[in-house]
Protein chains: 2
Amino acid sequence: MRDVAALSGVSLKTVSRVVNLEPGVSADLVERVQTAAAALQFRPNLTASSLRRSDGRTQTIGLVLENIANPYSSALHRAIEDVARSHEVVVFAGSVDEDPARERELAGTFLARQVDGLIVVPAGADQSYLAHELRAGTPMVFVDRPPNLLDADAVTTDNFAGARDAVRHLIAHGHRRIAYLGDLSSIFTAEQRLNGYLDALERAGIVLDADLIWQNLRSSDHAQTAIIELLTAAEPPTAVFASQNLVTIGAVRGIAALGKQFEIALVGFDDIPLADLVSPRVSLVIQDVHALGAAAAELLFDRINGSDLPTQRITLPVHLVTAGSGEITGPFAA
Amino acid sequence: MRDVAALSGVSLKTVSRVVNLEPGVSADLVERVQTAAAALQFRPNLTASSLRRSDGRTQTIGLVLENIANPYSSALHRAIEDVARSHEVVVFAGSVDEDPARERELAGTFLARQVDGLIVVPAGADQSYLAHELRAGTPMVFVDRPPNLLDADAVTTDNFAGARDAVRHLIAHGHRRIAYLGDLSSIFTAEQRLNGYLDALERAGIVLDADLIWQNLRSSDHAQTAIIELLTAAEPPTAVFASQNLVTIGAVRGIAALGKQFEIALVGFDDIPLADLVSPRVSLVIQDVHALGAAAAELLFDRINGSDLPTQRITLPVHLVTAGSGEITGPFAA
DNA sequence: CATTGTCTCGACAACGTTGTCAGGCTCCCG
DNA sequence: CGGGAGCCTGACAACGTTGTCGAGACAATG
């Protein structure tokens, strides 16, 4: 900037005014400064600018995700990017891989870089380490899972209702022995979905068989092994509820490996890629990930722009997309 | 930092020394400063720090991608994130959607934030706008596609050989009428892959039929429409080479819609999700996206750490994964 | 005991930018 | 022709941190 000022023969402050489009600079000086800036390929240093600016904004937000490469996370990321872009804000993102220590570390490095706000898919059971920064005025919004031990905005989907409806659907098609395949039970969404499963069974008067519940399946391979074991056991289920996308994929592979695609009813929670092309086809509880991300980002930017409404908890609905697999009838069909 | 200094009764500089683990501070002062910092939940301001530091590093890199939500881009992103993390660097990323203006804008906003380096999947036909920053010392590496009108490092895959091998494979299974379905022809990889297709045909002495070449298919829907039109024409192809993942997905849908999954041989370039579960199954030319991203990131960090080797162009090999679809025999099978 | 060296520590300036404020100019009015 | 208002412009300090340098304390050396 100093060079631009020297070349155009004005003061630093005038260059600053021109660069920031401030009014009150004569037309010929604006012209002179702009040609000088163009000649020198001048690009203002936004970090210095935000250091000095009164509001301290860096036009930057941080995004703490489960795993950037996972389609769920990357869909969220894209939705948030689009909203951020409309505010001329760029996004830092990082993967946490369900590791609470990594979550904390990543949030910390974003905060150290003076992000204007933070969007977090929490992995750990305690977000109180953020309380100080939150009180100090850094807005934060939690997505997919609410924060623990911290009072902050959150946008989640209706996991309980989605799981309950999925299992009800299977019951309505005549199933009584319905297996539950689930992710790490410590994850909020996994717990909610298990509760939905249990609720649907109880209301239908079906006695729980604990052997049909498999949790803590951390990959599609684990899920595949689990479903093969379930289906080859003495009293196999006639239907399966898979509570997460990787688990659903493992279930599909397992059913395909056993050649039972026309015998076992399967409903999964979360979308899976190319769901319309896989065999066996699978009925799915779909959440609108784009809407989730957009809602979280809008909430965050409202806070950044000064909103001081009470903490909000938004729950978005899900819907069941039937695809012929969940509709395989069971032995108790009417 | 001022508060920490006041609370522990030392100067700013001593706090700085403790925070940066510089030697030459007595043990009891280190202790006092650390407890004061902890009490105040002090977090150093990295933007101010990098402004003042002699090397000016922000421990930040920028990543310009086609579309963050696309599995190819997000796999690249994750590979780069992992390398960046090992250097204690965080990553800005953004989507360009094949828009050259957006590419330029995004690279500019990253540079204005003083990133230590840039990794770009270029969308436009001219990256000379980066020449000034490159000469000024900001390292840049291009991935998947080389830069145009700019001398910089690039890591790409062997698109020509992959396409040629795919088409050779179809020819070896007795096909002569092989369609080419391709992405936007302005994209470097699309051009290379078309050349590979043409080369394989020519070396096999097959006369080109221009009606079998469909380019500029920008989505899987377009590709699906195109393949349905091709397969229902007067002289349909017996095999199809789909030159990109979205195009392959459209081709799979189109073939499935026509019920021709056991008649048409299909080979696609790039992996598609759940490739082992889709019907019809599809043979694929796979590139190692993780290795691509990792190689680009390593190259970038070498530059950031001072390497001044001549510009490098790295090409990674691809390999064909057969899955029963590319192996459907054609009318000229031996 | 004087001198030298080493080890700690702090004062000060600087990174590139913007907020504040004062000064100079022009114009118009009485 | 004096004076007040309004418009441009620049000098200066400041944002939060670190590089430089010098001062003071103390030990080792002759």
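As the structure is a prediction and not an experimental result, all values here were calculated from the model.
A side-chain donor-acceptor contact under 3.5 Å links A:Gln127 to the backbone of A:Gly124.
A:Asp126 and A:Arg104 are not joined by a salt bridge, as no carboxylate oxygen comes within less than 4.0 angstrom of a charged side-chain nitrogen. A salt bridge links A:Asp153 with A:Arg303: the closest approach of a Lys/Arg side-chain nitrogen to an acidic carboxylate oxygen falls below 4.0 angstrom. Taking the charged nitrogens against the carboxylate oxygens, A:Glu105 and B:Arg85 do have a contact shorter than 4.0 Å, which makes a salt bridge.
Taking atom CZ on A:Arg52 and atom C1' on D:dT17, their separation rounds to 15 Å, with Å as the unit. C:dC15 atom C1' lies 11 Å from atom CD of B:Gln114, rounded to whole Å. Between the P atom of C:dA11 and the CE atom of B:Met1 lies a distance of 13 Å, rounded to the nearest Å.
Heavy-atom minimum distance, A:Arg32 versus A:Thr35: O-OG1, 2.9 Å.
Considering only residues two or more places apart in sequence or on other chains, B:His132 meets the ring pair (Phe, Tyr, Trp, His ring centres under 6.0 Å) condition with none of them. Every residue was checked against the side-chain contact (heavy atoms from CB on, under 4.5 Å) condition with B:Ala6, not counting sequence neighbours, and none meets it. Every residue meeting the side-chain contact (heavy atoms from CB on, under 4.5 Å) condition with B:Arg218, not counting sequence neighbours, appears here in chain and number order: B:Glu98, B:Leu184, B:His222.
Within residues 6-31 of chain B, the residues that have a heavy atom under 4.0 Å from DNA chain C are, in order of number, B:Val10, B:Ser11, B:Lys13, B:Thr14, B:Arg17, B:Gly24, B:Val25, B:Ser26, B:Leu29. Contacts between residues 34-51 of chain B and DNA chain C, defined by a heavy-atom separation below 4.0 Å, involve B:Leu51, listed by number.
If one axis is set at each end of the helix from C:dC1-D:dG30 to C:dG30-D:dC1 from five pairs, those axes are 60° apart, to 10°.
The one candidate from A:Val91, A:Leu118, A:Val90 that meets the side chain to side chain contact (heavy atoms under 4.5 Å, CB included) condition with A:Ile61 is A:Val91.
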As a quick check of understanding, evaluate side-chain contact (heavy atoms from CB on, under 4.5 Å) for B:Asn45 and A:Leu51, giving each step before the final call. CA-CA 9 Å; B:Asn45 180 333; A:Leu51 180 61; 4.3 Å; yes
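Contact check, A:Arg53 against C:dT18: a side-chain N or O comes under 4.0 Å of OP1 or OP2.
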